[in-house]
Amino acid sequence: METVSEPTKVWTRDQVSGEKRNVWTALKRGLRGRCPRCGKGKLFRAFLKVDDHCSVCGLDYTPHRADDLPAYLVIVIVGHIVVPMILWIETDYSPSVPLQLSIYLPLTLILSLALLQPVKGAVVGVQWALRMHGFDENNPEP
Ligand SMILES: [Zn+2]
């Protein structure tokens, strides 16, 4: 016996109607810790705590799913700054190990802490611009 089922409806981005969202603009606003939609409201209520909504335009931030991506990106960025610097200084000057550690460890810590919030803001901005997760009000799926 053969059963006939209706074809499943597939949701795609092409069916999206509504406001245009520029990825670069949202990324830059997120880097500055601002709302990806209006660019005026604050994105964070604490160092790495994303606020519930924008205080200016009311955009709901709760659908963001930044998870561990900002930390991975910061590791990649800081690694590409610190490791070549260590190799260059070691091969050309080879200073003492205590001197090197007293420079590289604080530098790595400071760079990582300085980049975490902007990178997380950029990730949330890109997620909003690409209508990822719950940032698309037209997506019928939860
Ligand atoms: Zn806003």
K.L.:
What residues form a side-chain contact (heavy atoms from CB on, under 4.5 Å) with K49, not counting sequence neighbours?
P.N.:
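K49 satisfies side-chain contact (heavy atoms from CB on, under 4.5 Å) with R45, A46 once adjacent residues are dropped.
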K.L.:
Does one hydrophobic cluster hold both V123 and L111, with members joined at side-chain heavy-atom distances below 4.5 Å?
P.N.:
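Yes, it is one cluster - the side chains of V123 and L111 are joined through contacts under 4.5 Å.
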K.L.:
With a 4.5 Å cut-off on side-chain heavy-atom distances among I, L, V, M, F, W and Y, is there a chain of contacts connecting L59 to M132?
P.N.:
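In one cluster with L59: M132, no.
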K.L.:
Would you please name every residue forming a salt bridge (charged side-chain N to carboxylate O under 4.0 Å, His left out) with R21, sequence neighbours left out?
P.N.:
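Salt bridge (charged side-chain N to carboxylate O under 4.0 Å, His left out) check on R21 returns E19, E137.
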K.L.:
Sequence neighbours left out, what passes ring-ring contact (aromatic ring centres under 6.0 Å, His included) with F47? Give chain and number order.
P.N.:
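With neighbours one apart ignored, the set is empty.
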K.L.:
Please report, to 0.1 Å, the donor-acceptor pairs under 3.5 Å made by any side chain of residues 62-79, with sequence neighbours excluded.
P.N.:
{"residue": "T62", "atom": "OG1", "partner": "D60", "partner atom": "OD1", "Å": "2.7"}
{"residue": "T62", "atom": "OG1", "partner": "D60", "partner atom": "OD2", "Å": "2.9"}
{"residue": "H64", "atom": "ND1", "partner": "A66", "partner atom": "N", "Å": "3.3"}
{"residue": "R65", "atom": "NH1", "partner": "T62", "partner atom": "O", "Å": "3.1"}
{"residue": "R65", "atom": "NH1", "partner": "P63", "partner atom": "O", "Å": "3.4"}

K.L.:
Between atom NZ of K120 and atom CG of L31, what is the distance when rounded to the nearest 0.5 Å?
P.N.:
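It comes to 14.5 Å.
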K.L.:
Give me the atom names and distance for the closest heavy-atom approach of G121 to F44.
P.N.:
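Where G121 meets F44 most closely, the heavy atoms are N-CZ, 3.6 Å.
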K.L.:
Would you say I110 ends up clustered with V82 if hydrophobic residues are merged whenever their side chains have heavy atoms under 4.5 Å apart, either directly or through other cluster members?
P.N.:
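Each belongs to a different hydrophobic cluster.
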K.L.:
S55: which residues meet the side-chain contact (heavy atoms from CB on, under 4.5 Å) condition with it, sequence neighbours left out?
P.N.:
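Scan of S55 (side-chain contact (heavy atoms from CB on, under 4.5 Å), adjacent residues dropped) gives none.
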K.L.:
If you compare all heavy atoms of V50 against all heavy atoms of Y61, which two are closest, and at what distance to 0.1 Å?
P.N.:
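That closest heavy-atom pairing would be CG1-CB, 3.7 Å.
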K.L.:
Can L130 be reached from L27 by stepping across I, L, V, M, F, W or Y side chains whose heavy atoms are under 4.5 Å apart?
P.N.:
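Yes, L27 and L130 fall within the same hydrophobic cluster.
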K.L.:
Could you pull out every donor-acceptor pair under 3.5 Å between side chains of residues 89-105 and any protein atom, sequence neighbours left out?
P.N.:
{"residue": "E90", "atom": "OE1", "partner": "Q100", "partner atom": "NE2", "Å": "2.8"}
{"residue": "T91", "atom": "OG1", "partner": "L87", "partner atom": "O", "Å": "2.8"}
{"residue": "T91", "atom": "OG1", "partner": "W88", "partner atom": "O", "Å": "3.1"}
{"residue": "D92", "atom": "OD2", "partner": "W88", "partner atom": "NE1", "Å": "3.0"}
{"residue": "S96", "atom": "OG", "partner": "L99", "partner atom": "N", "Å": "3.4"}
{"residue": "Q100", "atom": "NE2", "partner": "P95", "partner atom": "O", "Å": "2.8"}
{"residue": "S102", "atom": "OG", "partner": "P98", "partner atom": "O", "Å": "3.3"}
{"residue": "S102", "atom": "OG", "partner": "L99", "partner atom": "O", "Å": "2.7"}

K.L.:
Hey, can you pull the donor-acceptor pairs under 3.5 Å for the side chains in residues 35-43, sequence neighbours left out?
P.N.:
{"residue": "R37", "atom": "NH2", "partner": "C57", "partner atom": "O", "Å": "3.2"}

K.L.:
How is the hydrophobic cluster of L113 composed, in terms of its other members, when Ile, Leu, Val, Met, Phe, Trp and Tyr link through side-chain heavy atoms under 4.5 Å apart, directly or indirectly?
P.N.:
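L109, which link up through side-chain heavy atoms under 4.5 Å apart, make up the rest of the cluster.
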K.L.:
Could you report the tightest heavy-atom contact between F135 and V124, atom names first, then the distance?
P.N.:
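It is CE1-O, 4.3 Å.
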K.L.:
Which residues pass the ring-ring contact (aromatic ring centres under 6.0 Å, His included) test with W24, not counting sequence neighbours?
P.N.:
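Residues passing ring-ring contact (aromatic ring centres under 6.0 Å, His included) with W24: none at all.
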